[in-house]
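Notes to accompany the following structure.
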Amino acid sequence: MGSFSASDLAHIESQLEATDQLLDRSYPGDDGSRQPIHTVYIPADRFTPALAAEWGAQALATAEAHGGLEKLGQLLGQEPHLAAAVAERVAAKLASEPIEDLRLDFEDGYGDRGDEAEDADAVAAANAVAAAVAAGTAPPFIGIRFKCFEAPTRARGLKTLDLFVSTLAAAGELPAGLILTLPKVTTVAQVQAMDFAVSRLEEVHGLPAGRLRFEVQVETPQLIIGADGTSPVAQLPHVVPGRISALHYGTYDYSASLGISAEYQSMEHPVADFAKEVMQLAVAGTGIRLSDGSTNIIPVGDAVEDAWKLHGRLVRRSLENGYYQGWDLHAAQLPSRFSASYAFYREGLPAAALRLRNYVERTEGGVMDEPATARALAGFVLRGVQCGAVGTDEVKALAGVELSQLTALAHPRLAQPTSH
């Protein structure tokens, strides 16, 4: 006979009801969908349906002009056999899907061109995106970054957001991978205002509630530590639950806000690492993704190889630190982005797959993994598959699991029936 009476158990259930609701509502975990490994930013008026293919061709031509993709891999520190395997996959990637996520920029990359010009460009951008989606040439994820919600640019940003979304909606079904980016956020209230704005757009255009999610750019120290000493960024997932898709770190605005000299502004500066660690803590378990920022050292002219080495190292560093996405600003950054990313996943595949096989088959090995570690292992391998670094046939051979089982291991909550 147990020590706890029915009344005792009911009391505990009552005490924890709010906790259960909080965990269910605010910490649903990752939804298992694909996360792009990069976001490419271009001035909004430069987008055409052919842009992704053009960037892929430029990226491959740059690599070939500097000894080829295999040489690039070795430049990034890959052993010859790894560099060869990576090069083959990167070449295929640049030919088939050179840009995973594209942001048409109406903010810093566009500037202030006057209302008439920006109105026209917002409508033109939406029509070009619709045409690219219809033609099958659009990247799987695509959208705009509009001007921020600070007083001088708020009305302009809202007008561009409205024109872009309304024009897309009028053209037909919204792109499945549509992404909206809210930059230079300083307060929770700005995110709540964005939540209201997209809710109204959903109502006006008959879209399902929650259809228009958005990214928040973390570019100001006020979002990391607010005026009252709390961390506003940690509040964001809970004041607009389910609405934010990702937090993106803004390398240069954030560093400049802290008085870091231009020469030392970098994704690996200590102030950047602190902000990104706070961001990780803020969204852990919420399902909100994270993206690192960019480097403005571009592989052009006489410094191509040095810029590739820097970019490749920064990409690898981000991946090792749990940031699986970053920004690219030039076509010549694509080879180093994909080469460094693919090497990361291919290098880690054999050990991760073996541990995953041992876990699934309950085989004793040198490492006894807990379920949480097994989820991390499966998530690592799944990301490698989703970006094209490894094939499902390799996963099956090494880990003994099919893609569906791998996905269930990485995201077990998706395979569980809901209780309500």
Side-chain angles (χ1 to χ4, degrees), residues 35-43 99-111 143-148 150 179 181-186 214-225 231-233 236 244-283 288-300 303 306-334 336-337 340-341 344:
Q35 179 180 4
I37 68 171
H38 70 163
T39 300
V40 166
Y41 272 77
I42 61 164
I99 298 177
E100 294 194 0
D101 181 24
L102 180 64
R103 206 69 70 251
L104 284 60
D105 191 16
F106 282 97
E107 203 222 3
D108 289 345
Y110 180 88
I144 62 167
R145 177 172 74 169
F146 44 92
K147 291 178 173 62
C148 75
E150 292 178 359
I179 300 179
T181 304
L182 177 65
K184 293 182 175 59
V185 174
T186 55
F214 58 88
E215 301 170 335
V216 170
Q217 283 201 269
V218 181
E219 303 178 87
T220 68
Q222 292 86 358
L223 198 59
I224 299 299
I225 298 179
S231 180
V233 72
L236 300 185
I244 299 171
S245 58
L247 301 182
H248 283 231
Y249 176 69
T251 305
Y252 298 100
D253 282 284
Y254 186 86
S255 300
S257 296
L258 290 173
I260 307 302
S261 298
E263 183 180 356
Y264 300 103
Q265 293 174 7
S266 167
M267 295 159 58
E268 57 185 345
H269 193 283
V271 301
D273 285 342
F274 176 78
K276 288 183 283 188
E277 287 166 3
V278 172
M279 290 163 61
Q280 280 181 303
L281 290 168
V283 303
I288 295 174
R289 270 76 182 269
L290 293 165
S291 175
D292 212 332
S294 62
T295 175
N296 58 9
I297 308 301
I298 305 300
V300 295
D306 286 342
W308 271 340
K309 285 193 288 186
L310 172 64
H311 187 230
R313 181 173 61 76
L314 292 173
V315 169
R316 177 70 181 227
R317 185 178 189 271
S318 297
L319 291 167
E320 291 178 356
N321 288 342
Y323 273 73
Y324 298 104
Q325 185 175 349
W327 293 8
D328 290 327
L329 308 177
H330 192 279
Q333 290 181 317
L334 300 183
S336 45
R337 166 71 61 183
S341 298
F344 173 75

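Please read these numbers as outputs of a predicted model, since none were measured by experiment. The first residue of the sequence shown is numbered 1, and numbering continues consecutively from there.
Residues V315 and S341 are in side-chain contact: their nearest non-hydrogen atoms beyond the backbone lie under 4.5 Å apart. Here the side chains of M279 and L290 are in contact, with some heavy-atom distance below 4.5 Å. A 4.5 Å side-chain heavy-atom check between P183 and K147 finds every atom pair outside the cut-off. Side-chain contact check for H311 versus I297: every heavy-atom pair is 4.5 Å or farther apart.
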Exercise for review: Decide yes or no on side-chain contact (heavy atoms from CB on, under 4.5 Å) for Y41 and D108, but give the supporting numbers first.
Suggested key: CA-CA 10 Å; Y41 272 77; D108 289 345; over 6 Å; no

**Study point:** side-chain contact (heavy atoms from CB on, under 4.5 Å) evaluation trace for V40 with L334
**Key:** CA-CA 9 Å; V40 166; L334 300 183; 4.2 Å; yes

Practice item. Start with the C-alpha distance between K276 and N321, add both sets of side-chain angles, then the distance that settles side-chain contact (heavy atoms from CB on, under 4.5 Å), and finish with yes or no. Key: CA-CA 9 Å; K276 288 183 283 188; N321 288 342; over 6 Å; no

Review point. What's the verdict on side-chain contact (heavy atoms from CB on, under 4.5 Å) for Y252 and T295, showing C-alpha distance, side-chain angles and the deciding distance?
Key: CA-CA 9 Å; Y252 298 100; T295 175; 4.1 Å; yes

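Exactly one residue among R103, R289, R145 makes a salt bridge (charged side-chain N to carboxylate O under 4.0 Å, His left out) with E215. That residue is R103.
In this structure, Q217 contributes its side chain and G250 its backbone to no donor-acceptor pair below 3.5 Å.
A pairwise comparison of heavy atoms in W327 and D292 identifies CD1-O, 3.5 Å as the closest pair. Considering all non-hydrogen atoms of both residues, P232 and I225 come closest at CD-C, 4.0 Å. Across G326 and R337, no two heavy atoms sit closer than the pair C-NH2, 3.4 Å. The two residues S255 and V271 have their closest heavy-atom pair at OG-CG2, 4.4 Å. Considering every non-hydrogen atom in both A282 and V233, the closest pair reads CB-O, 3.8 Å. Nearest heavy-atom pair, P299 versus A332, reported as atom, atom and distance to 0.1 Å: O-CB, 3.4 Å.
The NE2 atom of H269 sits 8.5 Å away from the OG atom of S261 when rounded to the nearest 0.5 Å. Taking NE2 of H38 as the start and CG of D328 as the end, the distance is 6.0 Å to the nearest 0.5 Å. Between I224 atom CD1 and S231 atom OG the span is 6.0 Å, to the nearest 0.5 Å. In this structure, NE2 in H330 is found 13.0 Å from CG in N296, a value given to the nearest 0.5 Å. Distance check, rounded to the nearest 0.5 Å: CD of Q265 to OG1 of T251 gives 9.0 Å. Rounded to the nearest 0.5 angstrom, T39 OG1 and I99 CD1 are separated by 10.5 Å.
For F146, there are no ring pair (Phe, Tyr, Trp, His ring centres under 6.0 Å) partners, not counting sequence neighbours. By the ring pair (Phe, Tyr, Trp, His ring centres under 6.0 Å) test, F214 is found to be paired with no residue, residues two or more places apart in sequence or in another chain being considered.
A donor and an acceptor atom, one from each side chain of E219 and S257, are nowhere located under 3.5 Å apart.
Within the structure, every pair that satisfies the salt bridge (charged side-chain N to carboxylate O under 4.0 Å, His left out) test and touches residues 255-269, not counting sequence neighbours, is listed here: E268-R313, E268-R317.
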